[in-house]
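Supplied in structure tokens, the structure appears directly below.
Because only heavy atoms are used, hydrogens play no part in the values below, and waters and symmetry mates are left out as well, while side chains stay in.
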Amino acid sequence: MSENHPGDGPRSAGTAAQDQSRGRDETPLERADRNFLELLQELRVTQTGVQLLFAFLLTLAFTPRFPSLDALQRATYVTTLLLAVLAAALFTAPAALHRGLFARGAKPLVVKVSSRLAGAGLAVLVLALTGSVLLVVDVAASRTGAFVAAGATLVVCGALWGLLPWGLARGQGEEREPV
């Protein structure tokens, strides 16, 4: 799936040495292709979760109990729905970006921007998940329980999605591979 771009000649000695020091023998464009494919695999997982969350939220407005929600519950619902839409948009943006730039020799840029979009999507997704937990626990149990459960959701996702990878990378003493 490697794209050929004008000016792609043989690897320079410096580039090949850098690639081999990372344990891979690939050109910068091959690395960009690999990184983009890996990113797409990650997005397939998160995008499915966002789609399920969004579908769940859409159905709530058409349930018999929805009219009885109080102002905070309705605000939580609308905010969470919009966050789920934003997360879906951020997770699908890399495909649109690739579609618009794939034949222009911009794969490293596509990978860099797509990676940032995916990171932003995860940040928005954690907020959408937190809002969903807040709403459901508030309706099913209590407002106090809802705030506790929502706070726990935020902390757990933040720890697993942010602190764990950061801590592991730091513990390994490795720098992130350039995208």
Taking side chain to side chain contact (heavy atoms under 4.5 Å, CB included) as the criterion, tell me which of Thr76, Val78, Leu82 meets it with Thr80. Thr76
Leu52-Val85 co-clustered via ILVMFWY side chain contacts under 4.5 Å: no
Sequence neighbours excluded, the answer for side-chain contact (heavy atoms from CB on, under 4.5 Å) partners of Ala61 is Phe66, Tyr77
Shortest non-hydrogen contact between Leu160 and Pro165, atoms and distance: O-CD, 3.4 Å
Nearest 0.5 Å, please: how far is CD in Glu42 from OG in Ser114? 11.5 Å
Cluster link Phe91 to Leu117, ILVMFWY, side chain under 4.5 Å: yes
Do any pairs count as a side chain to side chain donor-acceptor pair (under 3.5 Å) and have a residue in residues 53-69, sequence neighbours left out, and if so which ones? none
Do Thr92 side-chain atoms and Ala89 backbone N/O form a donor-acceptor pair below 3.5 Å? yes
Sorted by chain and residue number, the side-chain contact (heavy atoms from CB on, under 4.5 Å) partners of Leu58 (sequence neighbours excluded) come out as Phe54, Leu81
May I ask whether Leu53 and Leu43 are part of the same hydrophobic cluster, defined by side-chain heavy atoms of I, L, V, M, F, W, Y residues being less than 4.5 angstrom apart, directly or through others? yes
Side-chain donor-acceptor pairs of residues 121-131 under 3.5 Å, sequence neighbours excluded:
from: Thr130; atom 1: OG1; to: Val126; atom 2: O; distance (Å): 2.7

Are Leu163 and Val155 connected, step by step, through hydrophobic side chains (Ile, Leu, Val, Met, Phe, Trp, Tyr) whose heavy atoms are closer than 4.5 Å? no
Contact between Arg74 and Pro67 at the side-chain level, heavy atoms closer than 4.5 Å - yes or no? yes
Consider only side-chain heavy atoms of I, L, V, M, F, W and Y, link residues closer than 4.5 Å, and tell whether Val133 and Leu60 are in one cluster. no
Residue list, side-chain contact (heavy atoms from CB on, under 4.5 Å) with Arg143, at least two apart or on another chain: Asp70, Leu72, Gln73, Asp138, Phe147
Drop me the distance from Thr153's OG1 to Leu134's CG, to the nearest 0.5 angstrom. 9.0 Å
Who passes side-chain contact (heavy atoms from CB on, under 4.5 Å) against Val136, sequence neighbours left out? Phe56
